[in-house]
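What follows is a set of notes on a single structure, which appears directly below.
Heavy-atom basis, side chains included; hydrogens, waters and symmetry copies ignored. Counting from 1, the numbers follow the sequence of the chain as shown.
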Amino acid sequence: MNRRAFIQAAASFAAAPSIIRSASRPPNIVLILADDLGYGDLGCYGSRIRTPNLDRMASEGALFRHFSVASPVCSPSRASILTGRYPVRTGVPTVLTPQDTDGLAASETTIASALKTAGYKTMCSGKWHLGSTPAFLPTKRGFDEFYGMPCSNDQSPTTVLHNTDVVETRATLETLTQRYTEQAVNFIRRSSDSPFFLYLAHTAPHVPLAASPAFRGKSSLGIYGDVVQELDWSVGQVMNELQANGLDDNTLVLFTSDNGPWFQGSAGSLRGRKGDTFEGGVREPFIARFPGRIPAGQNLEAFASALDILPTITNLAGVSTPPAVDGVDIWPMLTKQTAQVERPPFLYFDGWNLQCARVDQWKLHLARYSTPAWSPVPIQGRVNLPLLCPELYNLQADPGEDYDCSADNKDVVEDIRARVQAMLPSFPGPVMSAWNATQSSGVYPNASGALPVPLN
């Protein structure tokens with residue numbers, strides 16, 4: 001090697017610590033989860049709320065237009081995100097309360113517990129909502145450290161824990177986003193010498209809404225806009241810390257939400273909200289960024305789901321993916337190796353009740369609760385009713401689920417129904433019991449299409 005070549009090689013070596021690091025250890029993983037954020041609540045998804053950090057993250061990575069969770073409410077959705085399995089398999093089919101004594105089953109493998117086998121440091125900062133008793137807290141589900149709330153910010157008591165110790169008996173909601181972010185940033189700083197998994201699970205923008213003084217009144221779109229802008233600020237703080245520690249080029253950052261918007265927030269042009277298995281309740285923003293690995297500026301139209309997060313992460317990290325996961329590895333889509341990946345029909349549950357199934361662009365509604373599309377308070381005694389004529393929507397042509405096209409695609413309807421029927425025996429007994437009860441309820445839409453009140 002001549003002198004000039006040696007100097008050039010030395011300069012390249014000195015200028016690329018992140019490349020050296022990425023070659024010597026597995027990638028870091030950061031999963032940021034919002035709470036009740038709507039599909040239309042980010043600037044990059046068409047919102048008037050300013051979200052420059054998330055918009056930049058999308059421009060530097062991949063943004064998904066068709067990304068769904070399996071349940072339209074908090075606890076079940078979070079269980080499936082962390083395990084890659086349908087919530088009815090995880091012990092969390094419904095929303096948990098602080099009084100519940102159960103939670104995410106000990107037999108479940110979480111992203112954190114899978115990555116710990118490869119020497120990852122792991123932390124959960126934020127809302128857990130998968131069990132409040134010590135046996136079900138994050139420190140018993142693969143996380144080395146936990147700072148946050150065991151349950152939701154509208155469930156009393158609103159306790160804040162550090163690991164299992166109470167640090168606040170009644171949470172100061174105005175400072176939660178800042179404190180979760182501070183804990184996350186400190187974890188990144190402390191873990192820069194080893195691979196790590198950070199699960200930053202925000203309370204925002206779940207009601208009751210609260211923003212810190214630095215963001216209160218700054219969005220010009222009310223308190224909801226303020227809260228979302230502070231959430232975006234948090235993402236920026238995490239990204240800045242990764243860059244400051246030379247970790248940016250060896251870190252996969254993912255951002256999504258657990259379900260659609262509730263009282264406020266925007267589902268964009270989608271039908272339904274939180275609690276619905278219409279798209280507004282289950283389709284979420286999803287952004288993935290990994291400089292040098294995920295090509296920038298992608299707007300992906302192919303379908304992906306929250307169940308895919310675990311197998312994608314475990315395969316990327318080189319650890320064993322649990323054999324019973326329901327999701328698939330979408331890394332080939334993120335890296336433009338393929339436009340879509342093969343998967344079984346994707347199922348949508350509300351509680352134990354199967355309501356819809358998706359195959360490619362087709363979504364088939366098979367059952368629906370006997371409640372209005374939106375209500376300010378949960379309605380007790382609702383009944384899951386079969387649709388006498390299942391509704392089929394082409395979500396590529398009709399994302400708002402406005403036009404039932406089942407009559408013109410009877411072969412598609414029958415194919416999806418047959419595939420769903422074949423899948424059902426693989427689920428826990430209560431799923432099949434609920435399905436049979438729904439199908440035998442004998443309550444069908446009347447001639448006008450309205451659902452009658454079932455007889456007691």
Check step by step if side-chain hydrogen bond (donor to acceptor under 3.5 Å, both in side chains) holds for Asp226 and Ser219. CA-CA 5 Å; Asp226 301 341; Ser219 71; 2.7 Å; yes
Look at the side chain of Asn315 and the backbone N and O of Pro311, then say whether any donor-acceptor pair between them is shorter than 3.5 Å. yes
Quick check on the 6.0 Å ring-centre criterion: do His365 and Phe278 meet it? yes
So, Asp329 side chain and Trp331 main chain: donor-acceptor pair closer than 3.5 Å or not? yes
Exactly one of Phe255, Tyr39, Phe67 clears ring-ring contact (aromatic ring centres under 6.0 Å, His included) with Phe286, and that residue is Phe67
Give me the ring orientation class for Phe197 and Tyr199: parallel if the planes are under 30° apart, tilted from 30 to 60°, perpendicular past 60°. parallel
Does NZ or CZ of Arg293 come closer than 6.0 Å to the centre of the six-membered ring of Phe290, within 45° of the ring's axis? yes
In this structure, CG of Leu392 is separated from CD1 of Ile416 (nearest 0.5 Å) by 5.5 Å
Side chains of Asn394 and Tyr403: do they bring a donor and an acceptor to under 3.5 Å? no
For Ser194 versus Asn28, what's the shortest heavy-atom pair and its separation? O-OD1, 3.7 Å
Could you tell me if the side chain of Leu161 sits less than 4.5 Å from the side chain of Thr164, heavy atoms only? no
Here the gap from Thr175 atom OG1 to Glu182 atom CD, rounded to the nearest 0.5 Å, amounts to 10.0 Å
Would you say Glu108 and Arg141 make side-chain contact, with heavy atoms under 4.5 Å? no
For the residue pair Phe349 and Phe427, categorise the inter-ring angle as parallel (less than 30°), tilted (30 to 60°) or perpendicular (more than 60°). tilted
Run the side-chain hydrogen bond (donor to acceptor under 3.5 Å, both in side chains) check on Glu230 and Ser234 step by step: do they pass? CA-CA 6 Å; Glu230 188 162 20; Ser234 173; over 6 Å; no
Is it the case that the side chain of Arg85 and the backbone of Ala324 share a donor-acceptor pair, with hydrogens and angles ignored and the cut-off at 3.5 Å? yes
Between Tyr393 and Glu391, do the side chains contain an N or O donor and an N or O acceptor separated by less than 3.5 Å? yes
Establish, from distance only, whether the side-chain atoms of Asn384 and Gln355 form a donor-acceptor pair under 3.5 Å. yes
Taking all heavy atoms of Gly268 and all of Ser266, pick out the closest pair and write down the distance. N-OG, 2.9 Å
Testing the 3.5 Å rule here: is there a donor-acceptor pair between the side chains of Gln155 and His129? yes
Counting only N and O atoms by type, is there a donor-acceptor contact under 3.5 Å from the side chain of Asp144 to the main-chain atoms of Thr122? yes
Output yes when Glu241 and Arg189 qualify as a salt bridge under the 4.0 Å nitrogen-oxygen rule, no when they do not. yes
According to salt bridge (Lys or Arg N to Asp or Glu O under 4.0 Å), who are the partners of Arg216, at least two apart in sequence or on a separate chain? none
Any donor-acceptor pair under 3.5 Å from Arg179 side chain to Thr172 backbone: yes
Quick one: does Asp276's side chain have a donor or acceptor within less than 3.5 Å of a partner on Gly281's backbone? no
Could you label the plane-to-plane angle of the Phe346 and Tyr86 rings as parallel, tilted or perpendicular, counting under 30° as parallel and over 60° as perpendicular? tilted
Start with the C-alpha distance between Tyr147 and Asn163, add both sets of side-chain angles, then the distance that settles side-chain hydrogen bond (donor to acceptor under 3.5 Å, both in side chains), and finish with yes or no. CA-CA 6 Å; Tyr147 180 93; Asn163 297 327; over 6 Å; no
Hey, mind stepping through Glu145 and Arg190 against salt bridge (charged side-chain N to carboxylate O under 4.0 Å, His left out) and telling me if it holds? CA-CA 12 Å; Glu145 187 176 1; Arg190 289 185 280 112; 3.2 Å; yes
side-chain hydrogen bond (donor to acceptor under 3.5 Å, both in side chains) against Thr335, all qualifying residues, sequence neighbours excluded: Gln337
Just so I know, are the side chains of Ile287 and Cys44 near enough to count as touching, which here means a heavy-atom distance under 4.5 Å? yes
Non-neighbouring partners of Asp36 that pass salt bridge (Lys or Arg N to Asp or Glu O under 4.0 Å), sequence neighbours left out: Lys274
Can a side-chain donor-acceptor contact be found between Ser212 and Glu174 if the only test is distance below 3.5 angstrom? no
Measure across Ile81 and Ala306 and return the closest heavy-atom pair with its distance rounded to 0.1 Å. CG1-CB, 3.6 Å
State which residue, out of Arg358, Lys363, Arg283, fulfils the salt bridge (Lys or Arg N to Asp or Glu O under 4.0 Å) condition with Glu401. Lys363
We want to know whether Arg65 and Asn299 form a side-chain donor-acceptor pair, criterion being a heavy-atom distance below 3.5 angstrom. yes
In terms of heavy-atom contacts, Pro291 and Asp249 come closest through CB-OD1, 3.5 Å
Side-chain donor-acceptor pair under 3.5 Å between Asn53 and Arg56, yes or no? no
Can a donor-acceptor pair be found between the side chains of Asp308 and Thr312 at a distance below 3.5 Å? no
Donor-acceptor check, side chain of Ser191 to backbone of Ile188, threshold 3.5 angstrom: yes or no? no
Going through the checks in order, is the salt bridge (charged side-chain N to carboxylate O under 4.0 Å, His left out) test met by Lys121 and Asp193? CA-CA 10 Å; Lys121 294 181 179 179; Asp193 60 345; 3.5 Å; yes
Heavy-atom nearest pair, Phe136 first then Leu104, reads CD2-O, 3.4 Å
Using atom types as modelled and distance alone, determine if a side-chain donor or acceptor of Arg273 lies under 3.5 Å from a backbone N or O of Gly265. yes
To check you understand the geometry: which heavy-atom pair defines the closest contact between Cys405 and Trp362, and what is its length? SG-CZ3, 3.5 Å
Answer with yes or no whether the side chains of Ser125 and Gln183 bring together a donor and an acceptor at under 3.5 Å. no
Quick one about Thr203 and Tyr180 (side-chain donor to acceptor, distance below 3.5 Å, no hydrogens or angles considered), yes or no? yes
Test Leu252 against Val30 for side chain to side chain contact (heavy atoms under 4.5 Å, CB included), laying out the working first. CA-CA 6 Å; Leu252 171 65; Val30 176; over 6 Å; no
Tell me which one of Phe187, Phe143, Tyr120 satisfies ring-ring contact (aromatic ring centres under 6.0 Å, His included) with Phe196. Phe187
Under-4.0 Å salt bridge between Arg289 and Asp248: yes
Okay, side chain of Asp154, backbone of Pro208: is any donor-acceptor separation there less than 3.5 Å? no
Has Ser257 got a side-chain atom pairing as donor or acceptor with Leu37's backbone, closer than 3.5 angstrom? yes
Find the distance between CD1 (Ile223) and CG (Leu209) and round it off to the nearest 0.5 Å. 6.0 Å
Quick one, His202 with Asp35, criterion side-chain hydrogen bond (donor to acceptor under 3.5 Å, both in side chains). Give me CA distance, side-chain angles, the key distance, then yes/no. CA-CA 6 Å; His202 282 286; Asp35 193 356; over 6 Å; no
Report yes or no: do Ser77 and Asp258 form a side-chain donor-acceptor pair below 3.5 Å? no
